There are 2 protein chains.
Amino acid sequence: MVKARVKNAPSRKAAAAPVRERILEVAERLFAEHGMSGVGLRAISADAKVNLASIAYHFGSKDGLLEALFAQRAAPIAEERLRLLAACYEKTKRPKLEEILDAFLRPALVLGVEPRFGGPAFVKLRARLATEPEALSRKILAKAFDLSSRKFIDAIAAALPDLPRAEVEWRFHFMLGAMFYTMADSGRIQALTKGRIDPGDVRRALRHMIPYLAAGFRSAPVT
Amino acid sequence: MVKARVKNAPSRKAAAAPVRERILEVAERLFAEHGMSGVGLRAISADAKVNLASIAYHFGSKDGLLEALFAQRAAPIAEERLRLLAACYEKTKRPKLEEILDAFLRPALVLGVEPRFGGPAFVKLRARLATEPEALSRKILAKAFDLSSRKFIDAIAAALPDLPRAEVEWRFHFMLGAMFYTMADSGRIQALTKGRIDPGDVRRALRHMIPYLAAGFRSAPVT
DNA sequence: GTCTATACAGTGATAGAC
DNA sequence: GTCTATCACTGTATAGAC
């Protein structure tokens with residue numbers, strides 16, 4: 001109450017990274033660690049060494065912060081998917097189902113954990129959002145991934161010309177489930193196997209996942 | 001401020017259902033509709049027409065309320081699973097893989113939506129919890145389902161004697177993903193197919209799911 | 001034991017001074 | 001752009017009525 005004229009100590013700019021970037025960085029880490037509603041804006045502002053109100057200033061709201069986080073991370077993943085899919089078609093006119101599945105899953109699982117794609121924090125965060133019922137989550141995900149998902153459904157259908165479209169779609173849905181549950185790393189299968197199976201090992205998970213899914217996709221359609 | 005001596009109107013007991021039951025009922029519905037942190041205790045107390053503090057009195061905390069909700073609903077599902085599994089082995093010594101998968105999935109999906117098992121609200125709530133990182137959620141789920149899940153892994157392994165144990169476990173994990181994602185009814189595949197595919201139609205989902213999963217389980221193990 | 005009223009520390013959000 | 005101060009609201013705790 002008395003210091004009045006002192007304000008903040010540093011005469012030059014204190015931190016190298018801009019405020020906005022620092023907030024995004026900290027928020028991504030804390031959200032993934034403790035969940036969207038397990039961490040408060042005050043914790044973020046303290047950790048990022050910014051004022052509480054500056055979060056609202058830069059992102060409008062807590063939801064807005066989440067949205068901005070996603071907008072930044074999701075697009076490169078969707079683009080990488082399409083890039084890999086295009087690469088499949090460059091090699092051969094009718095790529096194998098396994099190659100298509102790999103192009104879809106690898107950016108989400110394996111590349112997802114690389115720092116430039118957001119790291120493990122973002123992978124988990126995305127999985128969490130995928131099962132959330134909030135309209136906001138759905139809109140964010142739809143905006144980021146609808147286009148690429150549609151292209152992959154088409155590609156899978158083209159690779160399996162005898163499978164009815166509806167069956168392709170059902171199986172794509174089941175694949176999303178396996179992918180998100182692996183990304184969520186819920187700890188369930190670790191508990192059931194004394195830690196022998198670890199979905200957090202994304203490369204191994206992908207290696208087991210693709211043949212399993214491919215066999216499912218190739219099975220006879222339900223009559 | 002003036003009515004003082006009037007209090008609540010009814011001379012007899014106003015509601016037939018006890019307070020505890022009414023809280024559980026309302027909480028289950030609201031939690032599933034808006035998520036654990038999308039609904040406040042005041043909304044629950046108002047909807048259930050009970051005093052705010054009576055929730056804490058009966059359940060200790062909001063988390064305690066969730067735990068009580070689960071304790072009530074999860075046990076019958078796990079029991080039904082084991083009952084159906086036992087029925088498989090009564091018919092024949094080596095039941096088909098499809099029958100085992102049906103015994104595991106049907107109580108969660110199809111029976112789950114019946115009122116006596118909690119209805120669609122609980123199905124969604126359970127799926128939400130399955131991808132939550134909170135230690136509490138994990139403990140609750142583990143307590144309710146670990147035993148039955150282990151028995152099913154054993155049963156599947158017995159039905160596929162040539163498949164390495166680790167491979168069975170990976171595939172069980174992927175199955176859980178498909179199951180939970182169907183239960184969560186995230187709206188993703190509806191958006192991608194203009195509503196043609198609807199995971200909320202649990203009977204149809206199960207019909208498509210079992211042959212797909214069975215084919216995956218039967219495919220050659222990853223070397 | 002069961003229920004109520006009320007208070008409290010924490011949340012996300014915001015208005016307005018600098 | 002950044003800050004302080006404050007708002008309405010959250011889950012929780014408790015003192016006491018019946």
Side-chain angles (χ1 to χ4, degrees), chain A residues 1-24 26-27 30-31 33-69 132 134-137, chain B residues 1-24 26-27 30-31 33-69 132 134-137:
Chain A
M1 261 110 177
V2 197
K3 55 179 176 163
R5 265 310 71 179
V6 179
K7 293 193 150 194
N8 21 14
S11 47
R12 313 260 182 113
K13 274 282 171 64
V19 174
R20 222 190 110 96
E21 264 46 71
R22 246 179 310 145
I23 295 172
L24 280 171
V26 170
L30 294 185
F31 279 166
E33 277 171 15
H34 309 107
M36 249 306 256
S37 38
V39 52
L41 292 183
R42 282 160 182 86
I44 297 173
S45 74
D47 199 319
K49 294 186 173 66
V50 300
N51 186 276
L52 169 62
S54 67
I55 299 179
Y57 173 76
H58 284 289
F59 303 100
S61 69
K62 197 181 185 183
D63 282 351
L65 174 55
L66 178 69
E67 206 161 349
L69 226 156
E132 213 117 356
E134 311 290 333
L136 173 73
S137 316
Chain B
M1 259 112 178
V2 196
K3 53 179 179 163
R5 268 306 74 179
V6 177
K7 294 197 148 192
N8 18 17
S11 46
R12 313 261 184 113
K13 276 281 170 66
V19 172
R20 223 190 111 95
E21 263 47 68
R22 246 178 310 146
I23 295 172
L24 281 171
V26 170
L30 295 185
F31 280 166
E33 276 170 17
H34 309 107
M36 247 307 255
S37 38
V39 52
L41 292 183
R42 283 163 180 84
I44 296 173
S45 73
D47 199 318
K49 294 188 172 65
V50 301
N51 187 276
L52 168 63
S54 66
I55 298 178
Y57 173 75
H58 284 287
F59 302 101
S61 69
K62 196 181 185 183
D63 283 351
L65 173 55
L66 178 69
E67 207 160 347
L69 226 157
E132 213 118 353
E134 312 290 334
L136 173 73
S137 316

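A, B, ... follow the sequence lines: proteins, then strands. Residue 1 opens every chain. Values in this document were obtained by computation on a predicted structure and should not be read as measured data.
Phosphate contact (OP1/OP2 of dT2(C), side-chain N/O of Tyr57(B), threshold under 4.0 Å): present. Checking the phosphate oxygens (OP1, OP2) of dC3(C), a side-chain nitrogen or oxygen of His58(B) falls inside 4.0 Å.
In this structure, the side chains of Tyr57(A) and Asn51(A) stay at 4.5 Å or more apart for every pair of heavy atoms. A heavy-atom distance below 4.5 Å is found between the side chains of Leu65(A) and Ile44(A).
Rounding to the nearest 0.5 angstrom, the gap separating the CG atom in Leu69(B) from the CG atom in Asp63(B) is 12.0 Å. Distance check: Ser45(A) OG to Leu52(A) CG gives 5.0 Å after rounding to the nearest 0.5 Å. Taken to the nearest 0.5 Å, the CD1 atom of Ile55(B) stands 10.0 Å off from the CG atom of Leu24(B).
Taking atom NZ on Lys62(A) and atom P on dA13(C), their separation rounds to 8 Å, with Å as the unit. Rounding to whole angstrom units, CD of residue Glu67(A) and P of dG12(C) are separated by 17 Å. Distance, Ile23(A) CD1 to dC3(D) P: 10 Å, rounded to whole Å. Rounded to a whole Å, the CG atom of Leu65(A) is 11 Å from the P atom of dG12(C). For the pair Phe59(A) CZ and dT2(D) C1', the interatomic distance rounds to 15 Å; values are reported in whole Å. Between Arg22(B) atom CZ and dC3(C) atom C1' there is a gap of 12 Å when expressed in whole angstrom units.
Note on Ala56(A): a base of the nucleic acid sits closer than 4.0 angstrom, heavy atoms only.
The side chain to side chain donor-acceptor pair (under 3.5 Å) check on Ser61(A) picks up nothing, with sequence neighbours excluded.
Lys62(B) contributes a side-chain N or O that, together with a main-chain N or O of Met36(B), makes up a donor-acceptor pair within less than 3.5 Å.
Taken residue by residue, residues 39-54 of chain A places heavy atoms nearer than 4.0 Å to DNA chain D at Asn51(A), Ala53(A).
Fit an axis to the five pairs at each end of the helix from dG1(C)-dC18(D) to dC18(C)-dG1(D) and the two axes sit 10° apart, to the nearest 10 degrees.
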Go through the steps to decide whether Arg20(A) and Phe59(A) satisfy the test side-chain contact (heavy atoms from CB on, under 4.5 Å), and finish with yes or no.
-> CA-CA 9 Å; Arg20(A) 222 190 110 96; Phe59(A) 303 100; 3.7 Å; yes
